[in-house]
Amino acid sequence: MRDILIIGATGQVGSELTMELRKRYGNEHVVAGYIHGSEPKGELKESGPSEVVDVTDGSMIAQTVKKYHIDTIYNLAALLSVVAESKPELAWKIGIDGLWNVLEVARENKCAVFTPSSIGSFGPETPHAGTPQDTVQRPRTMYGVTKVTTELLSDYFFHKFGVDTRSVRFPGLISNVTLPGGGTTDYAVDIYYSAVRGEKFICPIRPGTLMDMMYMPDALNGAIKLMEADPSRLIHRNSFNIASMSFAPETIYEAIKKVIPDFQIEYQPDPLKQSIADSWPDYMDDSCARAEWDWKPEYDLEAMTADMIEKLRARHI
Ligand code: SER
């Protein structure tokens with residue numbers, strides 16, 4: 001049985017990952033770590049233990065790990081790409097100083113650690129079409145710099161100290177539960193909210209801009225499946241390309257229009273978001289994840305669109 005701590009449990013990924021892990025491992029075995037100002041609410045709060053765990057405070061992480069006999073940490077604390085450009089020092093403090101704290105606690109307490117990387121770990125010189133697992137990673141965003149460093153530091157702790165670190169490079173994640181905050185791929189979430197509300201969508205990304213995207217249930221399955229994978233099969237660790245769909249704004253717009261025919265879009269590219277998007281892969285090659293731990297997504301654009309619209313309509317957003 002695993003005892004799990006999620007750092008960043010009230011964020012975009014954490015809020016759903018916590019519930020999914022509680023379903024699989026039992027409510028009492030999954031601790032939701034949060035910071036003041038983003039307290040868990042509703043089902044997330046009621047269904048299991050939660051603790052204040054600030055990733056920038058190593059002693060707080062250590063205390064919670066000891067108190068709950070934690071053996072696995074999902075470290076999800078991070079700033080997304082656009083907001084990290086306006087707060088680069090904070091992005092480093094949370095992403096890398098925080099990761100150092102997590103890895104040190106993991107080393108001392110023999111915990112496995114999952115810390116996500118991203119399509120943002122690639123940069124303009126990376127091959128954009130079918131981005132290989134092992135390739136050039138020279139991002140020019142602070143988000144990307146922290147993600148490449150995350151990959152290197154996690155591998156370092158594995159090779160040097162035997163800490164069981166594993167990671168995936170998440171595409172843009174689309175969910176109907178917790179909104180992302182300040183990412184380049186947020187438009188692919190916002191577009192559904194506009195469509196369901198009957199509003200015209202002002203798109204900050206130019207038509208023709210391809211980026212990898214993924215529906216949240218696949219992202220959660222991927223993270224959990226990798227952490228459960230047989231270590232003897234893993235040639236890579238930090239971090240695996242995983243992919244399920246790649247599209248440009250006009251393609252997701254057309255998919256939504258099939259369900260909501262009078263939906264309208266207008267393009268007003270945001271220079272920062274557009275330049276970040278242009279530096280990221282068009283689509284990644286995820287064959288290593290498929291071969292080493294049987295990664296396989298379930299949702300394509302049509303299936304995701306049907307589910308997103310149904311769920312958002314049911315909530316009368
Ligand atoms: N969703 C992230 C962002 O846009 C990328 O991993 O910042």
Side-chain angles (χ1 to χ4, degrees), residues 8 11-17 74-88 90-92 94-96 99 114-124 126 128 131 137 139-151 154 167-193 203-206 209-220 222-223 226 238-249 252 269-284 286 289 297 299 304 308:
Q12 186 205 6
V13 180
S15 55
E16 286 182 70
L17 184 63
Y74 285 82
N75 170 30
L76 305 175
L79 298 186
L80 288 181
S81 56
V82 176
V83 69
E85 285 309 288
S86 62
K87 299 174 186 168
L90 183 62
W92 181 270
I94 294 171
I96 302 308
L99 173 65
F114 174 87
T115 310
S117 183
S118 158
I119 50 174
S121 69
F122 297 113
T126 301
H128 276 33
T131 301
Q137 288 181 282
R140 295 194 193 153
T141 60
M142 181 45 68
Y143 181 68
V145 169
T146 63
K147 288 304 182 190
V148 176
T149 311
T150 292
E151 295 186 11
S154 299
S167 170
V168 296
R169 295 180 182 130
F170 278 139
L173 298 181
I174 296 163
S175 132
N176 50 64
V177 180
T178 305
L179 285 168
T184 304
T185 58
D186 294 12
Y187 91 86
V189 179
D190 298 338
I191 193 170
Y192 286 107
Y193 281 76
C203 186
I205 301 292
R206 258 200 315 268
T209 310
L210 283 170
M211 283 187 278
D212 270 307
M213 301 281 180
M214 184 174 289
Y215 200 29
M216 190 61 87
D218 278 330
L220 304 181
L226 173 59
N238 302 283
S239 176
F240 283 95
N241 287 359
I242 57 169
S244 62
M245 62 184 98
S246 164
F247 54 75
I252 185 172
D270 173 282
L272 175 60
K273 289 182 181 174
Q274 187 64 49
S275 73
I276 295 175
D278 288 340
S279 76
W280 288 355
D282 292 350
Y283 58 95
M284 293 186 287
D286 63 358
Y299 285 87
M304 174 177 78
M308 277 296 284

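Owing to the predicted nature of the structure, the values given are computational and were not obtained by experimental measurement. Both ligands and their constituent atoms are indexed starting at 1 by order of listing.
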>> With side-chain hydrogen bond (donor to acceptor under 3.5 Å, both in side chains) as the criterion, how do Tyr283 and Asn241 come out once you've worked through the C-alpha distance, each side chain's angles and the decisive distance to 0.1 Å?
In response: CA-CA 10 Å; Tyr283 58 95; Asn241 287 359; over 6 Å; no
> Shortest non-hydrogen contact from Val189 to Ser175?
Replying inline: CG1-O, 3.7 Å
Can you give me a line-by-line list of nitrogen or oxygen pairs between ligand 1 and the protein shorter than 3.5 Å?
unit_1	atom_1	unit_2	atom_2	d
ligand 1	1 (N)	Thr185	OG1	2.8
ligand 1	4 (O)	Thr184	N	2.6
ligand 1	4 (O)	Thr185	N	3.0
ligand 1	4 (O)	Thr185	OG1	3.3
ligand 1	6 (O)	Ser118	OG	2.7
ligand 1	6 (O)	Tyr143	OH	3.0
ligand 1	7 (O)	Ser81	N	3.0
ligand 1	7 (O)	Ser81	OG	2.7

> In chain order, what residues pass the side-chain contact (heavy atoms from CB on, under 4.5 Å) check against Pro88, with sequence neighbours excluded?
Replying inline: Met142
>> Once side chain to side chain donor-acceptor pair (under 3.5 Å) is applied, do any residues pair with Thr149, and if so which ones, sequence neighbours excluded?
In response: none
> When you look at CZ of Phe247, are more than 12 heavy atoms from neighbouring residues, nucleotides or ligands closer to it than 6.0 Å?
Replying inline: yes
> Taking only residues two or more places apart in sequence, or in another chain, which ones meet Thr185 in a side chain to side chain donor-acceptor pair (under 3.5 Å)?
Replying inline: none
